[in-house]
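Worksheet for the structure shown next.
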There are 2 protein chains.
Amino acid sequence: MSNMQDIADKAGVSRATVSRVLSDHPSVKAATRKKVLHWVKELGYEPNLIAQSLAGNSTNIIGVIVPEIAYPFFSEIIEAIESQAFYEGYSVIICNTNRSLEKEKNILTGLNKRKVDGIIAVPVSTEFSLNSYRKLNIPVTMITKKVEGFHSIYISHYRGGELMAKHFLSVGFRKIGYIGPVKKSTSAIKFQGLRDYLLANGIELTDVIECDPPANMNATGVSENVKNYILVRGIQSEVLLANDDISACEAISALQMQGISVPHDIAVAGFDNSLLAREMNPKLTSLAQPLEMIGKKAVEVLLDQINYHTQPQMYEMESRVVIRESTVSWNVQQS
Amino acid sequence: MSNMQDIADKAGVSRATVSRVLSDHPSVKAATRKKVLHWVKELGYEPNLIAQSLAGNSTNIIGVIVPEIAYPFFSEIIEAIESQAFYEGYSVIICNTNRSLEKEKNILTGLNKRKVDGIIAVPVSTEFSLNSYRKLNIPVTMITKKVEGFHSIYISHYRGGELMAKHFLSVGFRKIGYIGPVKKSTSAIKFQGLRDYLLANGIELTDVIECDPPANMNATGVSENVKNYILVRGIQSEVLLANDDISACEAISALQMQGISVPHDIAVAGFDNSLLAREMNPKLTSLAQPLEMIGKKAVEVLLDQINYHTQPQMYEMESRVVIRESTVSWNVQQS
DNA sequence: ATGAAAGCGCTAACAA
DNA sequence: TTGTTAGCGCTTTCAT
């Protein structure tokens, strides 16, 4: 593997000049530049980014921290981040917190030692994680959650709940239920949006099936909860909004097992518009978060922060309802 | 941010000694070690990994190359890789080829310049990618495909096809069909396994719906193909094996639209045992590739290669059929 | 327009 | 057991 000195020797110039050529410094005679570039190509020279990082002081690496890489919602964001980062000449180190504060801390010190230029993160907790991030003293952009004091990119879950409510009403539903966390969790906010919008239209939620926020991809609590609810109280609603697509699928499964068919007997909508929503049977109406845009924007905001030290800012992204079989064929059958 | 010299000064020793303490070199007097560690803690010193990399010569970074990060199959492997890598003290840079040979090349030179210690890759092509990997001269472990000349970790698709065939027979199916690529593609091999096993049992495939291998997650060609096939020839089979879970979902959708209900009228099985299989309605019988094990093994094999320069070896992993509603309730109804 | 030289923060012979 | 010294490969002032 050749290094800068080799090029310098061959071209009969100093390393400094080679460096200038490679970084497009203006003050290099055309002839010299040509000579250098010739040997760069001839020797197949590739700069050593480690050395560059040590000498200059940017690694062109950004760290990405998520609770669960394989959760479709996150993996799609990761893909968008990687894509934009690659485009901007950055590499991406991904880290999985597994929702553990301790692991998150380890990850942060790791990234710090690696001298990453910045971090895009879904913090484990908006309460207990933040100090670790602050102490880092490197640019951080938070995603999917609104975090005071940090650049944050997220969608309004409240607005999402409202949009779903609006859709339900427009389809003609009047008895509406909800499945998911009701307090504390970020995702519970969509519950409020849903409820408030309906209340403003004189409608109260018919069923509220409270579930913990999804702990991870394999959590199957929802199905149990729905089943119990059905057995104990029965379901009055014409449509149910589930906290996310997985919950929606779980709910559908539980409903079917109790002999309630979706969307024939009851409609169900999800949240996230993940692969599941697209492929589920019936195909799920779901609130689409602009995941690609979140990822892309996150990189842009982070790079701005890195390069221009911008002040923390909130970016609320627009979401939209993607309408599919799980809520509309019900309507069709009614008409 | 303090550096090694700061520690050395405070502790009244040389940088070399500090270095020794930090790397657990045996020949350091206990008292000295204690003194140094005291100041390390006191100053909150954290070694600069960039400098370490430049001086030593390992970055403790491994590159991971996949065709599509957000494809559940890959994202689950990535998660497993990250987990094991983290455990071993390595960071993971992930890269998305998007199935483009050109992007793959760019990624490889990028990782090379970054001096990653090794690469775990799903090559874009087992035909045209390999040279780029070879020229790299750094350890590479291939996953999900058997690639001559490289450490490879994969499951036998052939065996997978056989296992499915066996399952079908045991459930009592005799008319069996297949949906997916028939030639060329890696995944077409499962077709052969299925067919051969059945032939050995005196059974010929009833329907073969040829489809291109899935180009990416959003490809919906399968649904179209199935629909056309139904319209043109009709389906005779009692059960269909789809090339992957997504195809299975697509097929189910197409079947339902033609008034054929799954699993009531026909059974369907998938391949990969992804989230989709678990959540789909009906829940999908699917061939589970041990994704977590593939990821973990990949890291282990790569590290062996890095540390002991092991010779290329093939690791064929065991897969298993996960039986769910989509194939068994059919049987129940028959009995 | 170019070169000389001093680092960036660490590791690892080699000496002592 | 510890210190000295010479790099690792590059960038970047400061001269010239």
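Below, chains carry the letters A, B, ... as their sequence lines are ordered, and counting in each starts from 1.
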Next on the checklist: Under 4.0 Å, heavy atoms only, any strand: does B:S23 hit a base, just the sugar-phosphate, or nothing?
Outcome noted: nothing
Item to check | OP1 or OP2 of D:dT1 under 4.0 Å from side-chain N/O of B:T17 | outcome: no
Item to check | Interatomic distance where CD belongs to B:Q5 and P belongs to D:dT5 [whole Å] | outcome: 13 Å
Next on the checklist: So that I can tick it off, tell me whether A:R99 and A:E68 are bridged by a salt bridge, with the cut-off set at under 4.0 angstrom between side-chain N and carboxylate O.
Outcome noted: yes
Checklist entry - Looking only at atom types and distance, does a side-chain atom of A:E79 sit under 3.5 Å from a main-chain N or O of B:I69, one as donor and one as acceptor? => result yes
Item to check | Residues from residues 40-60 of chain A lying under 4.0 Å of DNA chain C - heavy atoms | outcome: A:L54, A:A55
Checklist entry - So is A:K146 actually on top of A:Y315's ring, under 6.0 Å and inside 45° of the axis? => result no
Checklist outcome for this item: To the nearest 0.5 Å, atom CG of B:D9 lies from atom CG of B:N3 at 8.5 Å
Item to check | Spacing of A:M4 atom CE relative to D:dC8 atom C1', expressed in whole Å | outcome: 14 Å
Item to check | C:dA1 OP1/OP2 closer than 4.0 Å to side-chain N/O of A:T32 | outcome: no
Next on the checklist: Which nucleotide wins on minimum distance to the side chain of B:A16, given the candidates D:dC10, D:dG3, C:dG9?
Outcome noted: D:dG3
Checklist entry - Should B:D6 and B:R15 count as an ion pair when the cut-off is N to O under 4.0 Å? => result no
Next on the checklist: Rounded to whole Å, please give me the gap between CZ in A:R114 and P in C:dC10.
Outcome noted: 14 Å
Checklist entry - Is there a donor on the side chain of A:R20 or the base of D:dT11 sitting less than 3.5 Å from an acceptor on the other? => result no
Checklist entry - Looking only at side chains, do A:N60 and A:S58 share a donor and an acceptor under 3.5 Å apart? => result yes
